[in-house]
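Reviewing the structure listed below.
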Amino acid sequence: MKTAHLITAARRALATLHASEETIQTLTITTTHDPARRTLIYDSECVIARHNGNTVTHIDLGGTDFAEDLDALAEDAMARSGTLHPLTLRLGAGSTTVPPIGLDPQKRLFVLSIHARAAAHRPGLTGIQVLTLANLAYEANDAARHDNTPTTAQTESYAGRAGAHKLPFGTVADAEFLTHTARLAVRTMSHYMRPCPLALELPAGHLADIPSWLAHQAVARFRDGEERRETGYNTPAFRAVLRALAALQTPATGDRLSLYLTDAPANSAGHVLHRDPIPEGVPV
């Protein structure tokens, strides 16, 4: 069943049952076990609706044509593969004024580690400067990985070091900054790849029913047209940035996040991603 058909059915159901339908940007339909049929089905009675401004409500679309379409889709998926995954449908174009997301101490450290590692590739640095930045990247990453709940005091101990190197260490981040950070992570992780990928593409999916960008299903695209699955990018720091980005974007079924390793006009946004310490043509 095509996604476009489901979106049309969802809109009809919402127009009939919910006056606030026009504010809904995405619908996430999770799975549940039907004891009567002894199989997984889509839960049309508790659909997660994300509205303008990223507010979330739960709505009941049971008994509609949309619910019947979901039943048919679930039956077909179970017959073909024996599994059923959550589904997110994009109904609107998305708000252009999504407020920044707050970063917890662990995410702040992961972001710092990515930017410090990228900064170590700046041309013209001395060996000592490269080593200092690389050590900062390692220590911040290690602290984030081995302490799931670092205290504010522990986190702030890195603030002075980040400031000394003019590295970001904020408590909030918007989609542009997080996309930029994800791109830097990909560029530095691709340092030893030959040939170097043109871009890394991540499909939309779900982690524990949460719309997400799936790092473990990343596909690298190369200039000669070759594409191949790459699992080496599935690191804790990269996943943390992708989770924050997905919280702002709500990836929907069929969406793909393209992170280009080259500068404009070839990058995913169509314009220069700001604050990139690695100029075009410099190997990473």
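- Counting heavy atoms from C-beta on, the side chains of T30 and D209 come closer than 4.5 Å.
- A10 approaches L27 most closely through the heavy-atom pair CB-CD1, 3.8 Å.
- Other residues, nucleotides and ligands contribute over 12 non-hydrogen atoms within 6.0 Å of the CZ atom of F222.
- Side-chain contact annotation: H206 with T88, donor-acceptor N/O pair under 3.5 Å present.
- Looking at heavy atoms from C-beta onward, L207 lies in side-chain contact with L214 at the 4.5 angstrom threshold.
- Within the 4.5 Å cutoff, side-chain heavy atoms of H121 are placed close to those of T188.
- A salt bridge links E139 with R161: the distance from a Lys NZ or Arg NE/NH1/NH2 to an Asp or Glu carboxylate oxygen falls below 4.0 Å.
- For the pair T55 and R50, the minimum side-chain heavy-atom distance is 4.5 Å or more.
- The neighbour count for Q217 CD, taken as heavy atoms of other residues, nucleotides or ligands under 6.0 Å away, is above 12.
- The shortest side-chain heavy-atom distance between V241 and I114 falls under the 4.5 Å cut-off.
- Contact check for L17 versus D60: no side-chain heavy atoms found under the 4.5 Å cut-off.
- Side-chain contact annotation: Y233 with R239, donor-acceptor N/O pair under 3.5 Å absent.
- For the pair Q129 (side chain) and T126 (backbone), a donor-acceptor distance under 3.5 Å is present.
- Using a 4.0 Å cut-off between charged side-chain N and carboxylate O, D255 and R90 make a salt bridge.
- For the atom pair CD1 of I48 and CD1 of I210, the computed distance is 8.5 Å after rounding to the nearest 0.5 Å.
- Side-chain contact between I41 and T31: absent, with no pair of heavy atoms (C-beta onward) separated by less than 4.5 Å.
- Using a 4.0 Å cut-off between charged nitrogen and carboxylate oxygen, R145 and D142 do not count as a salt-bridge pair.
- Hydrophobic clustering (side-chain heavy atoms under 4.5 Å, transitive across Ile, Leu, Val, Met, Phe, Trp, Tyr) keeps L184 apart from L112.
- Donor-acceptor pairing under 3.5 Å is lacking for the side chains of T3 and T253.
- Judged by a 6.0 Å distance limit and a 45° cone about the ring axis, R108 is positioned over the six-membered ring of F169.
- None of L89, L14, I7 except one satisfies the side-chain contact (heavy atoms from CB on, under 4.5 Å) rule with F66; the exception is L89.
- The line from CG of L125 to CG of L131 is 11.5 Å long, rounded to the nearest 0.5 Å.
- Hydrophobic clustering (ILVMFWY, side-chain heavy atoms < 4.5 Å, transitive): L136 and M189 are in distinct clusters.
- R12 CZ: 12 or fewer foreign heavy atoms inside a 6.0 Å radius.
- Side-chain contact of H115 with T181: a donor-acceptor pair under 3.5 Å is present, judged by distance alone.
- Y158 and F177 are assigned to two separate hydrophobic clusters, defined by single-linkage of ILVMFWY side chains at heavy-atom distances under 4.5 Å.
- Residues H51 and V56 are not in side-chain contact: their nearest non-hydrogen atoms beyond the backbone lie 4.5 Å or more apart.
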